[in-house]
Amino acid sequence: MHAKMAKQAAVFSLSLVFLCLCSTTSGQLAPAQAPAQAPAKPADTPAPRGTPDVTKILQKAGGFTILIRLLRTTAVADQIKGQLDNSDTGFTLFAPTDSAFSNLKSGTLNSLSNEEKIRLMQFHTLPKFYSLENFETVTNPVRTQAGDTNPGDYPLNLTAAGGQVNISTGLVNATVSGTLFSAKQLAVYRVDKVLLPLDIFVPKPPAPAPAPVKPKAKKAAASPKSSSSTTTTPTLVVDSGAVALTEHGMLVSVGFSAFIAAFSLR
């Protein structure tokens, strides 16, 4: 009985050894595969950027609340964005800060008509892209979107020296204090003052009064005319014993005897 149990234990041990050898061999013949990796995602490509929006540029910079409102209410922001797609020259915007607007005389903006507000915003816009380097060689006066280069047509004068750009409206002298955006045919520069055009903020002299009309010289009064164009001198006509006296169209008939009497009295 004891021997039988020993024999069974030996067989069990051999079975365990055999199983271990089989496991080892199969592990060497069929190595475990590495877990499959997820397919690599393609590198993200930046989405193409559309036409620059001046209001978004100003919002990102901060401090341009009043300017943004004016650009929107006058539709100048939409005008710039719409024309950038078809422009070969681009645009340049001078952007006064909220602080610059607060330095204006109280009621300045409220006193402007809608048309004047549009002109004011267009006066801050140049219909051409200017880099800071371009300002050094600019030819004055410079045309704005509000008009032309002639006096009375909202021109600007720009000067640059030592990296500083100065702007003159004839009423205000301002300075470019920073670049907010400069790409894709659009440049936006921060300025320290609101650009006030002479054509809006300086009263125009009243038109001269018309010269008084000189009275025409009166013609001399013509002497009364008779029904006949000529004056008939008195004439004596002797016919059948009567005399006819004609003077200024009046006929006087006298008898021959009266004529003789008058003549004899002399």
Side-chain angles (χ1 to χ4, degrees), residues 51-55 57-58 64-98 100-105 107-132 134-135 137-160 165-177 179-182 184-205 207:
T51 305
D53 188 327
V54 292
T55 58
I57 293 170
L58 295 171
F64 296 93
T65 305
I66 300 175
L67 178 61
I68 292 172
R69 185 178 72 246
L70 286 171
L71 287 171
R72 285 176 173 170
T73 56
T74 59
V76 171
D78 293 335
Q79 181 186 29
I80 294 174
K81 187 175 181 179
Q83 293 183 5
L84 274 174
D85 291 330
N86 303 315
S87 174
D88 295 329
T89 57
F91 289 91
T92 299
L93 175 67
F94 295 119
T97 62
D98 289 339
F101 278 102
S102 65
N103 289 332
L104 293 175
K105 185 180 178 181
T108 297
L109 294 180
N110 292 334
S111 66
L112 301 180
S113 66
N114 291 334
E115 182 179 353
E116 288 173 332
K117 289 178 181 178
I118 293 173
R119 291 288 188 184
L120 178 63
M121 290 296 96
Q122 291 176 332
F123 190 61
H124 287 73
T125 308
L126 309 182
K128 183 178 179 180
F129 173 85
Y130 286 94
S131 65
L132 290 176
N134 294 148
F135 289 130
T137 57
V138 74
T139 301
N140 287 308
V142 177
R143 179 193 168 200
T144 69
Q145 193 72 357
D148 210 329
T149 58
N150 299 320
D153 282 340
Y154 301 88
L156 284 175
N157 287 290
L158 306 173
T159 57
V165 179
N166 299 316
I167 309 166
S168 176
T169 71
L171 183 63
V172 172
N173 295 319
T175 302
V176 172
S177 56
T179 302
L180 302 178
F181 186 87
S182 182
K184 289 194 174 185
Q185 298 281 52
L186 176 65
V188 183
Y189 298 108
R190 180 191 293 111
V191 291
D192 60 347
K193 294 181 181 178
V194 180
L195 306 180
L196 304 179
L198 284 168
D199 305 277
I200 294 178
F201 292 95
V202 173
K204 295 181 180 180

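Computed from a predicted structure; not experimentally measured.
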query = What is the minimum heavy-atom distance between F123 and A146, and which atoms define it?
reply = N-CB, 3.8 Å

message = Contact between P96 and L67 at the side-chain level, heavy atoms closer than 4.5 Å - yes or no?
response = yes

request  = For a side chain to side chain contact (heavy atoms under 4.5 Å, CB included) with Y130, tell me which candidate from T89, T92, L158 qualifies.
outcome  = T92

ask   = Just how far is it from atom CD1 of I80 to atom CE of M121, taken to the nearest 0.5 Å?
value = 10.0 Å

request  = May I ask you to test the L104-L196 pair for a side-chain heavy-atom distance under 4.5 Å?
outcome  = yes

task = Evaluate the side-chain proximity of T97 to F64: yes if any heavy-atom separation is below 4.5 Å, no if none is.
result = yes

key: Audit row: L120, T74, side-chain contact (heavy atoms from CB on, under 4.5 Å) steps and yes/no   = CA-CA 10 Å; L120 178 63; T74 59; over 6 Å; no

inquiry  = Are there over 12 heavy-atom neighbours, none belonging to K128, within less than 6.0 Å of that residue's NZ?
reply    = no

ask   = Taking N173 for the side chain and N166 for the main chain, is one N or O donor matched with an acceptor at less than 3.5 Å?
value = no

query = Looking only at atom types and distance, does a side-chain atom of D98 sit under 3.5 Å from a main-chain N or O of T65, one as donor and one as acceptor?
reply = yes

Within-4.5 Å side-chain heavy-atom neighbours: I66 and R69 = yes

query = Hey, are the side chains of I167 and F135 touching, using non-hydrogen atoms and a 4.5 Å cut-off?
reply = no

ask   = Between D192 (side chain) and T175 (backbone), is there a donor-acceptor pair under 3.5 Å?
value = yes

request  = Say whether, by atom type as modelled, one donor and one acceptor occur between the side chain of Q185 and the main chain of D88 under 3.5 angstrom.
outcome  = yes

Note, L70 side chain near F101 side chain (heavy atom, < 4.5 Å) = yes

inquiry  = Less than 4.5 Å apart, side chain to side chain, heavy atoms only: is that true for V194 and T108?
reply    = no

